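Quick note on labels: first sequence line is chain A, next is B, and so on, each numbered from 1. These numbers come from a predicted model, not from an experiment.
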Amino acid sequence: MEKLTVWAARQPDAVGKMALVRGWVRTRRDSKGGFSFIELNDGSCQGNLQIVAPATLANYESDVKKLGPGAALTITGEVKASPAKGQVTEVHASAIAVLGSADPESYPLQKKGHSFEFLRTIAHLRPRTNTFGAITRLRSQVSLTVHQFFHEQGFFYIHTPIVTASDCEGAGELFKVTTLPLEGGPASTSGPGGGPDFSKDFFGKPAFLTVSGQLQAEALACALGRVYTFGPTFRAENSNTPRHLAEFWMIEPEMAFFDLEDNMTLAEAFIKRIIRDALEKCPEEMAFFHERVDPTLRPRLEAILGSDFRRVPYTEAVALLEKSGQSWEFPVGWGRDLQAEHERWLTEKHFGGPVILFDYPRTLKPFYMRVNEDGRTVRAMDVLVPGVGEIIGGSQREERYDVLAERMREQGLDPAAYGWYLDLRRYGTVPHSGFGLGLERVLLFLSGMANIRDVIAFPRTPGHAEF
RNA sequence: UCCCCGAUAGCUCAACGGUAGAGCAACCGGCUGUUAACCGGUUUGUUGUAGGUUCGAAUCCUACUCGGGGAGCCA
């Protein structure tokens, strides 16, 4: 007797084995020919295992005939080649035990499809659906690829803090972290101006959930060469869109001795590797997304694999937009930020493929991006892909102490508050670069799913921290 | 946060000023190596909440709540 996953029992070489399989019922079809068919899924793969349950089972009438979606079973039987189309193997059950029943009157998941909006209200049960099983397995594969890709390139996986006291990057609103009482306690009003007295707080100063591990990653890159973070990130921005989460997972590589061109080359190789691995390692999941979610998915991904990412300076992109003849909702002009409509036009209409825009006006970008020789632009880059828009943002970092301090002042920041960060430029400074990408954005792009709340198991968005 | 759209049976929707219906699910039965099985029958509602207009409101008006799309911010 061998314990087999559904995946293992579906393989042709499982035929002939006596097996023990466990899983949850997807559907049951009865045949008066003297048996029932049960579709069993245990999450190990996209497909179900067909169980043939003969009426001679002792509990056929009492248990098997009552099985509905969601019931958990243990089945012993022989794996045989299936005589019918639809599956290679099937298990002829000699015994079926119900581990946990699921009352069909109240179990919310049915055989038919459900809207994603409805499934979000039962996020604890939606992992049992085809779509969320596929997303979850794909998410796992992408995570594995991230680690493999960077390790093959000599990177070290580092862990930057979740709690940070540096309110520094202007990367959106931060969540406060405090042990001070919300009201009533003396420490909540005894600070300067009648506000909280943070000297009495846990960290002795205001603290927040991180919005990026970049600054700390720079410190480690300036010692270990190539590093990357991959962890949760928090934004308290009141963004209600299908592309934003309050808690998401971000991947941030940071490389010493990389200039912006090296950075672009790495970003392009990284994106392509993620696509290639998804297609090779998750073929059933990707086929499912192509068939059920987005019929343009496969050609779009394959086109990206086969293309060279166009590298276009911001200044040139603005000129293209200005003479495009399009009517824009938002104005186009040098010094203005590119809007989503502009980015989409560039990557989808004009170039028809991935585009890396770079050298943006210094006024549009944060203090840490390296100022170009022209003095007007900085070494920033955004990778745009069809269907999604911006998927990666990165830059070469400003390694010159004086320029960096000046840029801080220019943006209203006090260099004294960034002593440790400036130290990286004071002692042994080197050119370095990095970028960031959100895991959930990557999953949207890979799966063709439309809403970011459907590519993470338990999404956190404004007003929502259920489950 | 702003602009649109929506909320009716467990799910997806119809009824568009005259008193709520279909498909699916569920339940009962039939049939079949079936595979989103099929065929017949049965059950299911404070029409999101609170007000208002009206002889009469699911339907019109107001507010709120929730959901979706777009925008901003961004990853």
Side-chain angles (χ1 to χ4, degrees), chain A residues 26-40 47-54 65-66 68-70 80-87 90 92 102-122 129-130 169-173 211-214 230 232-252 291-292 329-330 337-341 343-344 364-366 382-385 388-394 435-445 450-456 461-464 466:
Chain A
R26 284 293 174 81
T27 71
R28 188 194 86 237
R29 297 178 294 271
D30 296 328
S31 166
K32 279 298 187 299
F35 41 86
S36 295
F37 297 101
I38 298 166
E39 293 284 330
L40 194 76
N48 300 324
L49 179 63
Q50 176 159 283
I51 308 295
V52 181
K65 289 290 290 292
K66 293 177 181 166
K80 296 187 175 181
S82 179
K85 289 180 181 174
Q87 60 281 318
E90 61 190 24
H92 289 239
D103 177 14
E105 293 275 6
S106 59
Y107 190 65
L109 292 175
Q110 303 171 2
K111 287 185 231 180
K112 301 281 181 178
H114 294 92
S115 68
F116 292 136
E117 292 81 5
F118 170 67
L119 291 174
R120 259 171 242 152
T121 67
I122 49 168
T129 63
N130 285 333
E169 291 166 59
E173 291 291 311
V211 295
S212 166
Q214 180 196 314
F230 182 8
T233 309
F234 306 88
R235 303 276 167 93
E237 205 71 45
N238 189 12
S239 296
N240 292 288
T241 86
R243 292 173 301 280
H244 291 84
L245 291 166
E247 176 184 300
F248 62 100
W249 285 65
M250 191 152 67
I251 299 147
E252 295 177 286
E291 285 161 20
R292 298 290 192 85
E329 186 181 347
F330 292 90
D337 220 345
L338 297 180
Q339 302 296 319
E341 58 173 339
E343 294 181 341
R344 299 288 285 261
L364 296 179
K365 294 293 182 181
D382 284 346
V383 180
L384 313 180
V385 293
V388 175
E390 182 187 334
I391 195 165
I392 282 181
F435 61 81
L437 79 167
L439 176 64
E440 288 79 12
R441 293 265 177 97
V442 171
L443 288 168
L444 287 180
F445 161 68
N451 195 310
I452 201 164
R453 294 165 198 143
D454 299 328
V455 297
I456 186 169
T461 55
H464 291 285
E466 296 85 5

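Residue-level contact check: A:Q50 touches the bases, meaning some heavy atom is under 4.0 Å from a base atom. Backbone-only contact: A:R453 has heavy atoms under 4.0 Å from sugar-phosphate atoms and none from a base. Residue-level contact check: A:E39 touches the bases, meaning some heavy atom is under 4.0 Å from a base atom. Nucleic acid contact for A:L245: base, since at least one base atom lies under 4.0 Å from a heavy atom of the residue.
Nearest heavy atom pair, residue A:T129 against residue A:R26, reads C-NH2, 4.0 Å. The two residues A:M250 and A:V211 come nearest to each other via the heavy atoms CE-O, 3.7 Å. Scanning all heavy atoms of the two residues, the minimum distance from A:P54 to A:F35 falls at CA-CB, 3.8 Å.
No donor-acceptor contact under 3.5 Å links the side chain of A:E173 to the base of B:rU1. Checked by distance alone, A:H114 brings no side-chain donor or acceptor within 3.5 Å of a matching partner on the base of B:rC11. Put simply, the side chain of A:S239 and the base of B:rC73 share a donor and an acceptor less than 3.5 Å apart. No hydrogens or angles were tested; on distance alone, a donor-acceptor pair under 3.5 Å links the side chain of A:Q110 to the base of B:rG10. At a cut-off of 3.5 angstrom, the base of B:rG72 holds no donor-acceptor pair with the side chain of A:E329.
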- Task: Can you run through RNA chain B from 5' to 3' and write each base as (, ), [, ], | or . depending on how it pairs? Watson-Crick or G-U wobble, both distances under 3.5 Å.
- Result: (((((((..((((....[..)))).(((((.......))))).....(((((..]....))))))))))))....

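In this structure, the nucleotide among B:rG67, B:rU12, B:rG70 sitting nearest to the side chain of A:P242 is B:rG70. Side-chain atoms of A:E105 lie closest to B:rC27 of the nucleotides B:rC27, B:rA37, B:rG72. Picking from B:rU1, B:rG33, B:rC74 the nucleotide with the shortest atom distance to the side chain of A:D337 gives B:rC74. In this structure, the nucleotide among B:rA37, B:rC27, B:rG72 sitting nearest to the side chain of A:T27 is B:rA37.
At whole-Å resolution of the value, CZ in A:F116 and P in B:rG69 are 11 Å apart. The interatomic distance linking A:R344 (CZ) with B:rA71 (P) rounds to 8 Å, in whole Å. One atom, CG of A:N48, and another, P of B:rU34, lie 18 Å apart when rounded to the nearest Å. A:R243 places its CZ atom 8 Å from the P atom of B:rG72, with the value rounded to the nearest Å. Here B:rC31 presents its P atom at 17 Å from CZ of A:F37, a figure rounded to the nearest Å. What separates CG of A:D30 from P of B:rA36 is a distance of 16 Å, to the nearest Å. The CD1-P distance, from A:I452 to B:rG69, rounds to 12 Å in whole Å. A:K365 has its NZ atom 12 Å from the C1' atom of B:rC73, to the nearest Å.
No donor-acceptor pair under 3.5 Å is formed between the side chain of A:T461 and the backbone N or O of A:H464. A:E341 places a side-chain N or O within 3.5 Å of a backbone atom of A:F330 that can act as its donor or acceptor partner.
The line from CZ of A:R235 to CG of A:L245 is 11.5 Å long, rounded to the nearest 0.5 Å.
Regarding contacts with the backbone of B:rA37, a side-chain N or O of A:R29 is found under 4.0 angstrom from either OP1 or OP2. Taking side-chain N and O atoms only, A:N240 has no distance below 4.0 Å to OP1 or OP2 of B:rG68. Proximity of A:K66 to the phosphate of B:rC27: no side-chain N or O atom is located under 4.0 Å from OP1 or OP2. Residue A:S115 places at least one side-chain N or O under 4.0 Å from the OP1 or OP2 atom of B:rU12. Within the 4.0 Å cut-off from OP1 or OP2 of B:rA36, not a single side-chain nitrogen or oxygen of A:R292 is found. The phosphate of B:rU34 has neither OP1 nor OP2 within less than 4.0 Å of any side-chain N or O from A:R28. For A:S31 and B:rU32, the shortest distance from a side-chain N or O to OP1 or OP2 is not below 4.0 Å. A:Q339 has no side-chain polar atom (N or O) that falls below the 4.0 Å cut-off from OP1 or OP2 of B:rA71.
Counting heavy atoms from C-beta on, the side chains of A:K80 and A:V52 never come closer than 4.5 Å. With a 4.5 Å cut-off on side-chain heavy atoms, A:L444 and A:I452 count as touching. Side-chain contact between A:L109 and A:P69 is absent, with no heavy atoms from C-beta onward closer than 4.5 Å.
For the P atom pair drawn from B:rA50 and B:rU65, the interatomic distance equals 15 Å after rounding to whole Å. Atom C1' of B:rG41 sits at a distance of 44 Å from the matching atom of B:rU53, rounded to the whole Å. Nucleotides B:rA14 and B:rU49 are separated by 24 Å at their C1' atoms, to the nearest Å. For the C1' atoms, the distance linking B:rU59 with B:rC16 amounts to 6 Å, nearest Å. Here, B:rC61 and B:rU43 have their C1' atoms 37 Å apart, quoted to the whole Å. Nucleotides B:rA22 and B:rU8 place their C1' atoms 13 Å apart, quoted to the nearest Å. Comparing the P positions of B:rU47 and B:rG70 gives a spacing of 33 Å, expressed to the nearest Å. Using C1' as the reference atom, B:rA26 and B:rG45 are 16 Å apart when rounded to the nearest Å.
Under 3.5 Å, the side chains of A:T241 and A:H244 contain a donor-acceptor pair of N or O atoms.
Mapped onto RNA chain B by nearest heavy atom, A:P108 and A:A84 fall at different nucleotides, with A:P108 at the one closer to the 5' end. Nucleotides of RNA chain B nearest to A:F330 and A:E90 differ in position, and the one nearer the 5' end is that of A:E90.
For the salt bridge (Lys or Arg N to Asp or Glu O under 4.0 Å) test, no residue two or more places apart in sequence or in another chain qualifies with A:E90.
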